[in-house]
Engineer: 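Here it is: the structure, laid out below.
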Amino acid sequence: MAGEVVVTAKRTSAAVAAYKAAEKMLADGCVRAIGRCNHSSQNLADLIERTDEVPAVNQVELHPYFIQQAVREADRQHGTITQSWSPIGGVNLYHTADGDGARNVLSHPVVLDLADTYGKTPAQIVLRWHLQHGLSAIPKSVRASRIKENVDAFDFFLSPRRGGRDRCPRHQGP
């Protein structure tokens, strides 16, 4: 499980106890759904084995430089929605293998080319990538103009030839 963090037994017990409290809130009608964040595929399997409700959502850092394929597949198998936090890679920059620079998905040549082709911003291209991969993306912004821009990722479709599945930059882990 490259790129995944496995939680220790002590932390797992605390996570299970917290999740069981959330299950009680769900059963009592206090909440409509419960989920987890930052769970690896193994952590998710362990949680499901020790609790009654499958998480509705697993919120993880996910963007074209950190695609979390094993987590996404485990979520899919359990019927759990994978929700992307930091969907445009804003949590940090990813350093190049030679250590001489940093990569930002919004300035990647493929993303810039697609933005030009579709008349969209690089952020809209990356958000559309999430949508077309069946992901729930939650971009952060406090600016009204950026929030409106993010919503405009729903009015176009990336064709597979132009980047919908095979041209967006990919990186399997930091």
Side-chain angles (χ1 to χ4, degrees), residues 1-94 105-106 123-158 164-165 168 170-174:
M1 285 181 263
E4 292 189 13
V5 175
V6 178
V7 177
T8 63
K10 183 176 180 181
R11 286 182 59 202
T12 298
S13 294
V16 169
Y19 194 79
K20 285 185 177 187
E23 284 182 318
K24 176 145 178 31
M25 292 176 69
L26 181 66
D28 291 347
C30 297
V31 297
R32 291 187 289 176
I34 58 176
R36 294 298 301 155
C37 63
N38 300 318
H39 264 47
S40 69
S41 56
Q42 184 60 54
N43 295 147
L44 186 62
D46 291 345
L47 180 74
I48 289 169
E49 186 176 301
R50 297 171 65 187
T51 58
D52 297 323
E53 293 289 330
V54 173
V57 65
N58 185 16
Q59 189 180 84
V60 296
E61 178 185 0
L62 199 151
H63 45 77
Y65 282 152
F66 191 42
I67 63 172
Q68 301 249 38
Q69 193 63 44
V71 170
R72 291 165 54 193
E73 180 57 26
D75 289 347
R76 187 193 64 72
Q77 287 175 0
H78 293 291
T80 298
I81 294 168
T82 303
Q83 189 170 65
S84 311
W85 65 261
S86 190
I88 56 175
V91 72
N92 55 20
L93 295 176
Y94 287 82
V105 70
L106 298 180
Q124 289 168 326
I125 296 297
V126 175
L127 289 173
R128 188 70 223 172
W129 176 87
H130 284 272
L131 295 170
Q132 286 183 223
H133 281 83
L135 302 166
S136 168
I138 50 171
K140 176 201 170 286
S141 184
V142 296
R143 296 185 184 147
S145 62
R146 289 260 171 88
I147 294 168
K148 182 186 178 327
E149 177 184 304
N150 291 342
V151 171
D152 287 339
F154 289 95
D155 67 352
F156 72 105
F157 186 84
L158 295 171
R165 292 232 178 233
C168 276
R170 294 186 191 135
H171 177 66
Q172 186 60 45

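Along the sequence shown, the residues carry numbers beginning at 1.
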Engineer: Which atom names give the shortest non-hydrogen contact between F154 and R128, and what distance separates them?
Structural biologist: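 Reported closest heavy-atom pair: CA-NH1, 3.7 Å.
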
Engineer: Show your working on side-chain contact (heavy atoms from CB on, under 4.5 Å) between I125 and F156 and close with a plain yes or no.
Structural biologist: CA-CA 9 Å; I125 296 297; F156 72 105; 3.9 Å; yes

Engineer: Could you walk me through whether Q69 and S41 satisfy the side-chain contact (heavy atoms from CB on, under 4.5 Å) test, starting with their C-alpha distance in whole Å, then the side-chain angles of each, then the deciding distance to 0.1 Å, before giving a yes or no?
Structural biologist: CA-CA 10 Å; Q69 193 63 44; S41 56; over 6 Å; no

Engineer: Give the minimum heavy-atom separation between L131 and A153, together with the two atoms involved.
Structural biologist: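 What the structure gives for the nearest pair is CD1-O, 3.8 Å.
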
Engineer: Nearest 0.5 Å, what's the CG-CG distance between N38 and N58?
Structural biologist: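 Spacing of CG (N38) from CG (N58) equals 7.5 Å.
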
Engineer: Could you state the interatomic distance from CD (E149) to CG (D152), rounded to the nearest 0.5 Å?
Structural biologist: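 Here the interatomic distance stands at 8.0 Å.
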
Engineer: If the condition is salt bridge (Lys or Arg N to Asp or Glu O under 4.0 Å), which residues does E23 pass it with, not counting sequence neighbours?
Structural biologist: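 E23 satisfies salt bridge (Lys or Arg N to Asp or Glu O under 4.0 Å) with no other residue.
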
Engineer: Which heavy-atom pair separates R36 from A15 by the least distance, and what is that distance?
Structural biologist: NH2-CB, 3.8 Å

Engineer: Roughly how far, to the nearest 0.5 Å, is the NE2 atom of H133 from the OG1 atom of T82?
Structural biologist: 12.0 Å

Engineer: Which distance, rounded to the nearest 0.5 Å, do you find between the CG of L26 and the CG of D52?
Structural biologist: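 If I round to the nearest 0.5 Å, the distance is 10.5 Å.
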
Engineer: In the structure I gave you, are the side-chain heavy atoms of V105 and F66 within less than 4.5 Å of one another anywhere?
Structural biologist: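 Side-chain contact under 4.5 Å: no.
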
Engineer: Among residues at least two apart in sequence or on other chains, which ones pass side chain to side chain donor-acceptor pair (under 3.5 Å) with Q83?
Structural biologist: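 Result, side chain to side chain donor-acceptor pair (under 3.5 Å) vs Q83: Q59, S136.
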
Engineer: Ignoring hydrogens, what is the shortest heavy-atom contact between S141 and R143? Give both atom names and the distance.
Structural biologist: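 In this case the closest contact between S141 and R143 is OG-N, 3.2 Å.
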
Engineer: Tell me if a side-chain donor or acceptor on Q68 pairs with a main-chain N or O of E61 at a distance below 3.5 Å.
Structural biologist: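 Yes, the answer is positive, given that a donor and an acceptor are paired below the 3.5 Å cut-off.
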
Engineer: Measuring from atom CG of L158 to atom CH2 of W129, what distance do you get when rounded to the nearest 0.5 angstrom?
Structural biologist: 11.0 Å

Engineer: Determine whether P55 and I48 make a side-chain contact, defined as any pair of heavy atoms from C-beta on separated by less than 4.5 Å.
Structural biologist: yes

Engineer: Taking the side chain as every heavy atom from C-beta outward, state whether V16 and L47 have any atom pair closer than 4.5 Å.
Structural biologist: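 In short, these two side chains touch, coming nearer than 4.5 Å.
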
Engineer: Under 3.5 Å, is there a donor on one side chain and an acceptor on the other for Q77 and E73?
Structural biologist: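 A donor-acceptor contact under 3.5 Å links the two side chains.
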
Engineer: Name all residues meeting the side chain to side chain donor-acceptor pair (under 3.5 Å) criterion together with E53; count only those two or more places apart in sequence or in a different chain, and write none if there are none.
Structural biologist: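 Per chain and number, E53 pairs via side chain to side chain donor-acceptor pair (under 3.5 Å) with no residue.
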
Engineer: Do L127 and P87 make a side-chain contact, defined as non-hydrogen atoms from C-beta onward lying under 4.5 Å apart?
Structural biologist: yes

Engineer: Using the ring of each side chain (for Trp, its six-membered ring), is Y65 parallel, tilted or perpendicular to H63, with breaks at 30° and 60°?
Structural biologist: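 Aromatic pair Y65/H63 classed perpendicular.
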
Engineer: Mind listing the closest non-hydrogen atom pair of D75 and L44 along with its distance?
Structural biologist: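 Between these two residues, the closest heavy atoms are OD1-CD2, 3.0 Å.
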
Engineer: Nearest 0.5 Å, please: how far is CD1 in I34 from NZ in K24?
Structural biologist: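 Here the interatomic distance stands at 12.5 Å.
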
Engineer: Do S84 and R72 touch side chain to side chain, with heavy atoms closer than 4.5 Å?
Structural biologist: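 Side chain of S84 against side chain of R72, heavy atoms only: no contact under 4.5 Å found.
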
